[in-house]
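This report concerns only the one structure given below.
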Amino acid sequence: MKIEISNATVAPMTAWLKEAEKTGVRDEEKLRQILSMPDYEIEFRRYGDPDLPVCGISFEEAVDFFLHFDEKDFENPRLSGKKETFLAFYNDLDARLQRIELINSITPNDLNLVEKLQENGLPEHLLQELDHFTVLLTISIGNSMGWPYGNYIHFDVANLDTIADKETFLHVLAHEIHHIMFSRLLPEDMTPQQYFFVNFAFEGLAVHFCNNASTLGKPSKYAGKMFAIEENDWKFYEEQHRELIQKVLADGERAKKMTVEQVDALVRQYEQFTFTSLKTGETRKVFQYPTYYAGCCLWGMLDLELGKERLFEVLKSRDGFLRAWEQCR
């Protein structure tokens, strides 16, 4: 496995932001040139794919955001949610940019941890396909700390302060690589119900294998702490654990009678940056979707009970998940 880092856009965007701060003038022509660089082109292709989560930001919306991030409200909920964190980054620019050293300090020996996490979390036949990945660093408009796309793994420099240290970053990097490899496992002819539960496996198994996440009823995969898990979100989900798991299973049962398009809309309800507690009715902002927690619990439990090879056989089975879940619980 090889990892290369591309940060070609960071210096010109940093210079543009500093010049704008110094002169009070935001050069739109120069901004458009920067946002047209290859790394940003990849980013906008990813944000332009409606079939992917946390998408829906166009090039023109990004231009508008950088020109007005401190002086207007944005209709796009992705950009509205980004405004506060980007302002914090902009107002502490030099200190925040130092976080890039987390990534630049990675050595070949560090990648042994990433490979080990893949060995623990992928079926044997896929381990031979671990290949070349490019880490894209951009000063960006995204809501997440990172995402995979093709063989690219993006990290938003404006969000790097959410990653505590290099060890945490390596677990997050492993999480994103797991997403890339996991996508190669998926059958093309999934039933709507299978599609529903596989969406929970996508995030759930990544945090189970790579973030060492525990839930009520499911211990961590390894000894030691969890990595890059938002503690307040996790506590929020733990407080409604029973209700959340019951809802997921009930929605999975409902999915039997839905189309894939209807199931996709159902899954999107779990992938919002607010969630209403099924126990107390409290609505609050979340950074990690309930799919992380519920998927980690349900699919992680299957791994601990069955082992990873049998787990991925179940994943491909049209009804194997429910049968295996009934046996495990």
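Computed over heavy atoms, backbone and side chain alike; hydrogens, waters and symmetry mates excluded.
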May I ask you to decide if the ring planes of [X] and [Y] are parallel, tilted or perpendicular, using 30° and 60° as cut-offs?
{"X": "Phe275", "Y": "Phe236", "answer": "perpendicular"}
{"X": "Phe196", "Y": "Phe200", "answer": "tilted"}
{"X": "Tyr90", "Y": "Phe86", "answer": "parallel"}
{"X": "Phe209", "Y": "Phe312", "answer": "parallel"}
{"X": "His179", "Y": "Phe202", "answer": "parallel"}

Restricting to salt bridge (Lys or Arg N to Asp or Glu O under 4.0 Å), what partner residues turn up for Asp70, sequence neighbours left out?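 For Asp70, the residues satisfying salt bridge (Lys or Arg N to Asp or Glu O under 4.0 Å) (neighbours in sequence not counted) are Arg26.
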
Tell me, please, which residues at least two apart from Lys308 pass salt bridge (Lys or Arg N to Asp or Glu O under 4.0 Å).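 Partners of Lys308 by the salt bridge (Lys or Arg N to Asp or Glu O under 4.0 Å) criterion, ordered by chain and then number, come out as Glu124.
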
Would [X] and [Y] count as having a side-chain donor-acceptor pair, cut-off 3.5 Å?
{"X": "His68", "Y": "Glu71", "value": "yes"}
{"X": "Thr138", "Y": "His154", "value": "yes"}
{"X": "Asn76", "Y": "Glu61", "value": "yes"}
{"X": "Lys285", "Y": "Asn232", "value": "no"}
{"X": "Asp39", "Y": "Thr9", "value": "no"}

Which pair of non-hydrogen atoms, one from Ile139 and one from Tyr40, has the smallest distance, and what is that distance?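 In terms of heavy atoms, the two residues are closest at O-OH, 2.6 Å.
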
Nearest atoms (heavy-atom pairs only) where Asn211 meets Ala206: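 Minimum heavy-atom separation between Asn211 and Ala206: OD1-O, 3.3 Å.
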
Show which side-chain atoms of residues 245-258 pair as donor or acceptor with protein atoms under 3.5 Å away, not counting sequence neighbours.
{"residue": "Lys247", "atom": "NZ", "partner": "Asp251", "partner atom": "OD2", "Å": "3.1"}
{"residue": "Asp251", "atom": "OD1", "partner": "Arg254", "partner atom": "NH1", "Å": "2.8"}
{"residue": "Asp251", "atom": "OD2", "partner": "Tyr270", "partner atom": "OH", "Å": "2.5"}
{"residue": "Glu253", "atom": "OE2", "partner": "Lys256", "partner atom": "NZ", "Å": "3.2"}

With side-chain hydrogen bond (donor to acceptor under 3.5 Å, both in side chains) as the test, would you mind laying out the steps for Ser277 and Glu239 before giving the verdict? CA-CA 9 Å; Ser277 170; Glu239 290 169 351; over 6 Å; no

Test salt bridge (Lys or Arg N to Asp or Glu O under 4.0 Å) applied to Glu231 and Lys235, step by step: CA-CA 6 Å; Glu231 293 183 8; Lys235 182 179 179 181; over 6 Å; no

Got more than 12 heavy atoms from elsewhere within 6.0 Å of CZ, Arg242?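 For Arg242, atom CZ is not crowded (no more than 12 foreign heavy atoms under 6.0 Å).
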
